[in-house]
Amino acid sequence: MAEPVQPQRGSILVTEPLPNLPLKGCFHYQEGYYYFRNVGNRILLGGARNTSFATENTTDTQVHPTIESALHTFLQEHFLVKGEVSISHQWSGTMGFTAGKMPVLHQPVKGLFQACGCNGMGVALTPILAKQWVNIL
Ligand SMILES: Cc1cc2nc3c(=O)[nH]c(=O)nc-3n(C[C@H](O)[C@H](O)[C@H](O)COP(=O)(O)OP(=O)(O)OC[C@H]3O[C@@H](n4cnc5c(N)ncnc54)[C@H](O)[C@@H]3O)c2cc1C
């Protein structure tokens, strides 16, 4: 029986263009609970699940007000964005988490292989998992 995979919602926002944005590159903060990068002269900021784990244990895609507020506060405190921040895009997605922080490799039926529960690192991990799995088959 494969280890259970729990959903955790990840929420993202993108600001309108900000004049003289000095930020260039990808960054993370607080053990990766916050992550941000520039998209041209906009800021893409995501995370803040650690401010409200219980509400984020869901497959619902509505951005929760607690998370939205935490992301806005982060923008104002860390990028010194004064006043109301104009947000051009906002969305969320669902990640799969396991209790042991290890991904789940599962063969639900003969010939079908499933790698899931990558704890928010599915892009990075799944090609490696697939390659390793093929090598041991
Ligand atoms: C907020 C957030 C942040 C993340 N950050 C990272 C990160 O920093 N690093 C990292 O490695 N991973 C990260 N991930 C995880 C990563 O995005 C996923 O592991 C990866 O996208 C999974 O790829 P996939 O192709 O399996 O599924 P998806 O990318 O979800 O693609 C599935 C596609 O199938 C389509 N689809 C679904 N059902 C149907 C249907 N019935 N018919 C037709 N089409 C359908 C969907 O529309 C979608 O386009 C993050 C995920 C989220 C939500």
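Just so you know, ligand 1 is whichever comes first in the structure, and atom 1 is the first atom listed for that ligand.
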#### Entry: Any donor-acceptor N or O pair under 3.5 Å, side chains Ser88, Arg42
yes

### Query
What residues form a side chain to side chain contact (heavy atoms under 4.5 Å, CB included) with Pro108, not counting sequence neighbours?
His106, Leu112, Gln114

### Task
Indicate the atoms forming the closest heavy-atom contact of Pro127 with Gly122, along with that distance.
CD-O, 4.1 Å

### Task
Sort out the contact shell of ligand 1: every protein residue with a heavy-atom distance below 4.0 Å, listed by chain and number.
Gly10, Ile12, Tyr35, Gly93, Thr94, Met95, Gly120, Met121, Gly122, Val123, Ala124

#### Entry: Tyr34-His78 aromatic ring centre distance below 6.0 Å
no

### side chain to side chain contact (heavy atoms under 4.5 Å, CB included) partners for Ser69, two or more places apart
Thr73

### Task
Would you please name every residue forming a side chain to side chain contact (heavy atoms under 4.5 Å, CB included) with Asn119, sequence neighbours left out?
Phe97, Thr98, Lys101, Met121

